[in-house]
Protein chains: 2
Amino acid sequence: MNSRTAPRPGVPAKRARNAADTKAAILQAAVTAFTQHGYDGVGVREIAQAAGVTAMLVNRYFGSKEGLFAQTVDAAFAPRTVVGEDPRTLSSATAATLVARTAPDAEHLDPFLLMLRSVPNPRAAEIVRAGIERHVGAHLAARLNGADTGERAELALALIAGTWLMRTVIGTDALREATPTLLTDQLQAMLDVVIDHRDEPTGSRVRRARTDPRA
Amino acid sequence: MNSRTAPRPGVPAKRARNAADTKAAILQAAVTAFTQHGYDGVGVREIAQAAGVTAMLVNRYFGSKEGLFAQTVDAAFAPRTVVGEDPRTLSSATAATLVARTAPDAEHLDPFLLMLRSVPNPRAAEIVRAGIERHVGAHLAARLNGADTGERAELALALIAGTWLMRTVIGTDALREATPTLLTDQLQAMLDVVIDHRDEPTGSRVRRARTDPRA
DNA sequence: GTCTATAAATGGATAGAC
DNA sequence: GTCTATCCATTTATAGAC
């Protein structure tokens with residue numbers, strides 16, 4: 001009965017003049033643009049144009065570029081991209097997914113790229129910190145056994161982020177040309193150092209004997 | 001005999017009007033500024049002011065902002081910061097140095113920060129790629145035994161870069177508040193997955209048996 | 001609900017004086 | 001060897017029309 005669905009006669013049907021749809025279109029364009037170029041690397045004009053609107057509407061619906069970025073981070077980190085659900089196959093599935101998604105010819109639209117490319121801006125870094133801790137960090141830590149789950153989860157994230165960085169953003173030769181199965185094995189073994197504590201029940205403070213390297 | 005060393009009378013002695021000294025001062029200011037704010041986050045004016053000159057001289061001596069950045073990357077990656085020299089203590093010394101240098105109250109001037117904060121700009125990323133491959137990557141790979149040294153070296157660099165990212169640039173809680181000795185042990189164990197192949201002489205194609213995770 | 005037009009600031013790079 | 005002054009492009013954000 002209202003004018004939300006059907007465009008009024010006389011209005012060109014470029015897109016419905018609907019606030020919710022417009023907002024969603026802007027957010028979708030923002031995810032793509034911020035992921036590809038980072039917070040400082042893209043202007044509000046660019047995002048607005050990709051969404052088919054003008055820059056003014058971005059500020060109208062999101063308050064500012066920073067407000068848009070905050071909602072973009074939330075939307076980008078909500079779906080699971082690399083870290084899986086099943087605790088038993090956590091390291092293997094994560095390693096395999098990571099290698100597949102960071103392949104040189106893959107699509108390369110991932111919240112880790114949004115993080116890596118937006119982090120030089122201190123305000124964007126703080127927004128990203130809150131987002132990754134709340135979404136991915138908590139998700140992964142909850143699936144770990146043993147002690148220090150928070151720290152170990154973030155060490156795993158450090159390796160994942162570093163792999164994204166070196167393999168796709170920087171694009172170093174050896175990692176780009178690496179055999180996928182070999183790379184997956186090595187990443188899984190590195191992840192298992194902090195993930196695979198299946199004999200240590202949660203809450204246990206017992207840690208493996210430390211082999212002092214300086215002896 | 002020439003006017004290179006002694007300032008001419010009447011010229012205020014703010015600094016010798018010497019091309020080499022001025023160029024060095026600009027380069028030093030560029031290392032600091034680019035490391036703290038990244039390639040896109042700092043202007044030529046800012047760097048020039050920190051060096052006590054005007055922006056014009058930067059373009060005069062380095063051609064462009066991009067030319068200045070290339071020489072900055074070379075100067076920043078030349079000294080060893082985290083990866084040590086002795087192959088036998090590679091993982092332990094690297095882990096200990098990394099934890100110390102990424103401590104929340106540390107100084108935080110490191111080529112890895114220069115990389116992390118400059119990488120959103122594609123041209124800067126390419127310059128950084130060449131620099132880190134030539135300096136740190138080759139240095140580390142040359143100290144590894146066994147096969148796939150290039151790939152394993154870059155996986156170690158991925159973990160190092162990711163640790164810098166999460167612990168200092170992003171600043172996640174669990175890694176900031178982690179016990180240094182515990183963090184060092186875990187990082188060393190992760191590094192040893194790709195570094196410690198002492199029973200496999202260089203050139204050996206024998207690899208450890210793969211435990212299939214999907215079974 | 002969305003537009004055009006513009007304000008106010010900042011970016012890299014250059015011309016020409018001294 | 002170094003400066004002042006300026007060009008031109010681009011940015012975020014806002015004012016006001018329709």
Side-chain angles (χ1 to χ4, degrees), chain A residues 2-26 29-30 33-34 37-70 72 118 120-121 123-124, chain B residues 2-27 29-30 33-34 37-70 72 118 120-124:
Chain A
N2 54 28
S3 63
R4 274 182 54 247
T5 48
R8 291 166 299 183
V11 174
K14 303 165 64 175
R15 197 192 48 257
R17 296 167 71 93
N18 177 309
D21 289 355
T22 301
K23 194 172 176 178
I26 293 173
F34 281 138
H37 306 109
Y39 182 81
D40 283 335
V42 65
V44 182
R45 280 177 175 79
E46 224 170 318
I47 296 172
Q49 189 174 19
V53 299
T54 60
M56 211 223 67
L57 282 193
V58 175
N59 284 335
R60 175 170 181 83
Y61 287 131
F62 296 91
S64 65
K65 184 187 185 183
E66 199 174 318
L68 169 64
F69 184 72
T72 301
S118 298
N121 185 299
R123 288 186 187 160
Chain B
N2 54 28
S3 64
R4 273 182 55 246
T5 50
R8 290 167 301 184
V11 173
K14 303 163 69 175
R15 196 191 50 256
R17 295 166 75 91
N18 177 308
D21 289 355
T22 300
K23 194 172 176 179
I26 293 172
L27 197 60
F34 282 137
H37 306 109
Y39 182 82
D40 283 336
V42 66
V44 183
R45 284 177 173 81
E46 220 171 320
I47 295 172
Q49 188 174 20
V53 298
T54 59
M56 211 223 62
L57 282 193
V58 174
N59 284 336
R60 177 171 180 80
Y61 288 130
F62 296 91
S64 65
K65 184 186 184 182
E66 200 173 320
L68 170 64
F69 184 72
T72 302
S118 298
N121 185 299
R123 289 186 186 157

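The sequence lines fix the lettering, A, B, ..., with proteins before strands; numbering per chain opens at 1.
Between I47(B) and the options V42(B), L27(B), T72(B), a side chain to side chain contact (heavy atoms under 4.5 Å, CB included) holds for only V42(B).
Evaluation of the salt bridge (Lys or Arg N to Asp or Glu O under 4.0 Å) rule for E46(A) yields no partner, not counting sequence neighbours. The ring-ring contact (aromatic ring centres under 6.0 Å, His included) check on F62(B) picks up nothing, with sequence neighbours excluded. When the salt bridge (Lys or Arg N to Asp or Glu O under 4.0 Å) test is applied to R123(B), the partners found at least two apart in sequence or on another chain are E66(B).
Residue T22(A) has a polar side-chain atom (N or O) positioned under 4.0 Å from OP1 or OP2 of dT2(C). A close approach under 4.0 Å does occur between a side-chain nitrogen or oxygen of T54(A) and OP1 or OP2 of dC3(C).
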How would nucleotides 6-13 of chain C be written as a contact map, 5' to 3', with B for base contact, S for sugar-phosphate-only contact and - for no contact, using protein heavy atoms under 4.0 Å? B----BBB
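A stem is defined here as three or more consecutive Watson-Crick or G-U pairs, each with both distances under 3.5 Å; for DNA chain D these stems are C:1-10 with D:9-18, C:12-18 with D:1-7.
Going from atom NE2 of H37(A) over to atom P of dT10(D) covers 15 Å, rounded to whole Å. As a whole-Å value, the separation of L57(A) CG from dT14(D) P is 14 Å. Here dT2(C) presents its P atom at 13 Å from NZ of K23(A), a figure rounded to the nearest Å. Across the protein-nucleic acid pair, F69(A) atom CZ and dT11(D) atom P stand 17 Å apart, rounded to whole Å. If you take CZ of R60(A) and C1' of dG1(C), they are 7 Å apart, rounded to a whole angstrom. Note: CG (L68(A)) to P (dA13(D)) measures 10 Å, nearest angstrom. Note: OH (Y61(B)) to C1' (dT2(D)) measures 8 Å, nearest angstrom. Between the C1' atom of dT2(C) and the CD1 atom of I26(A) lies a distance of 11 Å, rounded to the nearest Å.
The two residues F34(A) and K65(A) come nearest to each other via the heavy atoms CE2-CE, 4.1 Å. Of all the heavy atoms in S118(B) and Y39(B), the pair that sits closest is OG-N, 3.1 Å.
The distance from the CD1 atom of I26(B) to the OH atom of Y61(B) is 7.0 Å, given to the nearest 0.5 Å. The distance from the NE2 atom of H37(B) to the CG atom of D40(A) is 11.5 Å, given to the nearest 0.5 Å.
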Identify every side-chain donor-acceptor pair in residues 48-59 of chain A under 3.5 Å, counting partners at least two apart or on other chains, and give the distances.
none

